[in-house]
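Labels below follow one simple rule: chain letters A, B, ... track the order of the sequence lines, proteins then strands, and each chain is numbered from 1.
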There are 2 protein chains.
Amino acid sequence: MGESDTKGRGAGVRTITDLARLAGVSPGTVSRALAGKSLVNARTREKIEALAREHGFRPNQMASGLRRQKTGVIGVAIPLGHDVRQQISDTFFMTLLGLLADELTDKGYDLMLRRVVPMNDEDWLDRYIGSGMVDGVIVIGQSDQFDRIEEVADGYLPMVVWGNHTQGQRHCVVGTDNRLGGRMAAERLIAAGATSLAFLGDTAPIEFAARYAGARDVAMRLGVPLRVLPTHLAPDQLSEEIAAHLAGNAGEVDGIFAATDTIAAACMAQLRARGLAVPEQVRIVGFDDLPIASQTVPPLTTIRQDIHAGARGLVDLLLRRLAGEETESLVLPPQLKIRASA
Amino acid sequence: MGESDTKGRGAGVRTITDLARLAGVSPGTVSRALAGKSLVNARTREKIEALAREHGFRPNQMASGLRRQKTGVIGVAIPLGHDVRQQISDTFFMTLLGLLADELTDKGYDLMLRRVVPMNDEDWLDRYIGSGMVDGVIVIGQSDQFDRIEEVADGYLPMVVWGNHTQGQRHCVVGTDNRLGGRMAAERLIAAGATSLAFLGDTAPIEFAARYAGARDVAMRLGVPLRVLPTHLAPDQLSEEIAAHLAGNAGEVDGIFAATDTIAAACMAQLRARGLAVPEQVRIVGFDDLPIASQTVPPLTTIRQDIHAGARGLVDLLLRRLAGEETESLVLPPQLKIRASA
DNA sequence: GTAGAATTTGCAAACGTTTGCAATTTGCGT
DNA sequence: ACGCAAATTGCAAACGTTTGCAAATTCTAC
């Protein structure tokens, strides 16, 4: 019953040296024991481990990181480019983030999240990398920072980016084949009877631009008109903008390809408000296959991104790069998920 | 044109000592100059800053952290208690996370994200705190870890938790008054004509338990029956479970209080599939006021949580605690948002 | 019992920064 | 030109861990 402060962080043993004194060995030995090195005697190790457990001792990660020149932390940067409030509402990015956290935890890494506003901050990426706080970086979304990322990639290996793959680019990217996805969407709309198409969403982000380009491929090949109805992603602006577009293009569009399921869902609400029947009068296809896609009325036909494979790919490639390997980009196939909206 | 490697991380100047040599001063002076201390001559500072900029030098955060005994990093832990896949689908938590990142960035902190599975890992919280990697901790969701959090809170000041406030608890919490929210939901359902209520969702997490308790307060006071229809949060199980509940309780329930908007949305899809009219045959109220709430058909009446205020409150309280202050908990008022589903 | 190898340990120097203290320089008034 | 205070700088010791090397111990085989 003497054991007073078991497992208290407030206890007196904060450093590896304290623990060494208690165990009657040198700090070096404690370090080796706790690190599971083979060069320490089994009985010594047990004693040290027991003491460590008893006093709730954890080696200081900062000191360890400094000495070993690695931190066990992966930085995840979300650049908020053109549209600052963009990703907050973007379920896709947030879900990807959650999966990344799981995946990295599995591999023994921690995740440091940073949202950056490149406009205010020329060298966000250099700063992140140079801080010495992260062993590698995952960038979620190229936003409008393609060039900067390219620049950095030349001199810094452990970086992987979620986004669009462009012919000949130098940074390692994981992402869906957006252009192919765009083609699939347009084909489906036309197959479902659409004769005049619209792309609903901002075409500035290159992922979206690629989706639009894919749709245009098909539209031009088949001689179907295709217009762009630009919107933002923030939920408040979104509905109004869509409403304005629908009012302005009344009756001229019967097939909508939304850059995102989120946009598609908002659009369906507006279509319903205007009394337009989906898919009879207007067909609509989304992108992502978020959970919301199966809950709209009618359920949304969409281009599915394999987000789990994406997260796995990102950390897999990053770890290989941390090990020094020069990896290729990973382009995932999109998949047409037919529901009822087109 | 001699200037070769401007701003390259690969450059030769990696440490403060390198830079000191270049500037012809001592490392100490460089440190002071870069830290903006007042005791360094203006001209010296300028020269040093210029050199630093030219060579893209950034002081190593690990070393700095070690020496100063603070890291500039706030840990955010998401415990995945009862239901491991829980929060992945939980838009609310993910949105909160995004807002936290913004808020912390504003205050000059970084955010380290860790998802923990307490079942596999007795002392996740102690480990996080003791790692020396974070200056403070924000826990998102109490899950089933109330007791452990209480324990830790006694000896560790800089921790704030998002969750439910319970009379007499010792840890500092920020969250909505769930019980009041539950009362508001039940009152609204009954005012909208419901005569037999059901709570749809898991009652194990204490936030949800409190919501249920609020509904029960009202139901008992008014003599209206209230049953519990337990579900998980993972989207795949969710729909089936709801379908089963609806089949099993056909016609016996005309007012549903869903623990979450996500659950409510899934439920509305199932109601529609069974041909039950909302709100004529079944009224339904959600919780959170996520973006999805305004896009369901019909739009969802729900109990709004002020998530922005929550994020601000969390970091505000945490910073005060970092400064040594003992702060009270912050309980935010819920708000009934009437749309069309009840 | 002893040489030699094999296993365990201890020592001390890093890792890169910050900071109290002392030493130096500068400025000012006379 | 000199003394004194104020303003700058340099020195060196931390922060807590890891790790190459050498020293000490244990083991093995004769």
Distance below 4.0 Å between [X] side-chain N/O and [N] OP1 or OP2:
X	N	result
B:T17	C:dT17	no
B:S26	D:dG10	yes
A:Q69	D:dT18	no

**Asked** Base, backbone or nothing for each nucleotide of nucleotides 19-27 of chain C, written B, S, -, heavy atoms under 4.0 angstrom, 5' to 3'?
**Response** BB-------

**Request:** May I ask you to check whether over 12 heavy atoms, not counting those of B:E325, lie within 6.0 Å of atom CD?
**Result:** yes

Without decimals, in angstroms, what is the distance between [X] [atom1] and [N] [atom2]?
X	N	atom1	atom2	result
A:K70	C:dC15	NZ	C1'	14 Å
B:E46	D:dT8	CD	C1'	15 Å
A:L39	D:dT18	CG	P	14 Å
B:K47	D:dT8	NZ	C1'	13 Å
B:L34	C:dT17	CG	P	9 Å
A:I16	D:dC15	CD1	P	15 Å
B:R21	C:dG16	CZ	P	12 Å
A:R14	D:dA14	CZ	P	19 Å

**Item:** Rounded (10°) bend between the five-pair end axes of the helix from C:dG1-D:dC30 to C:dT30-D:dA1
**Value:** 30°

**Asked** Is a donor on one side and an acceptor on the other found under 3.5 Å between the side chain of A:T15 and the backbone of A:T17?
**Response** yes

**Prompt:** Is there side-chain contact between A:C172 and A:R321, with at least one heavy-atom pair below 4.5 Å?
**Reply:** yes

**Prompt:** Are B:W162 and B:V76 side-chain neighbours, meaning at least one heavy-atom pair lies under 4.5 Å?
**Reply:** no

**Asked** Looking at residues 58-66 of chain B, who's got a heavy atom less than 4.0 Å off DNA chain C?
**Response** B:P59, B:N60, B:A63, B:S64

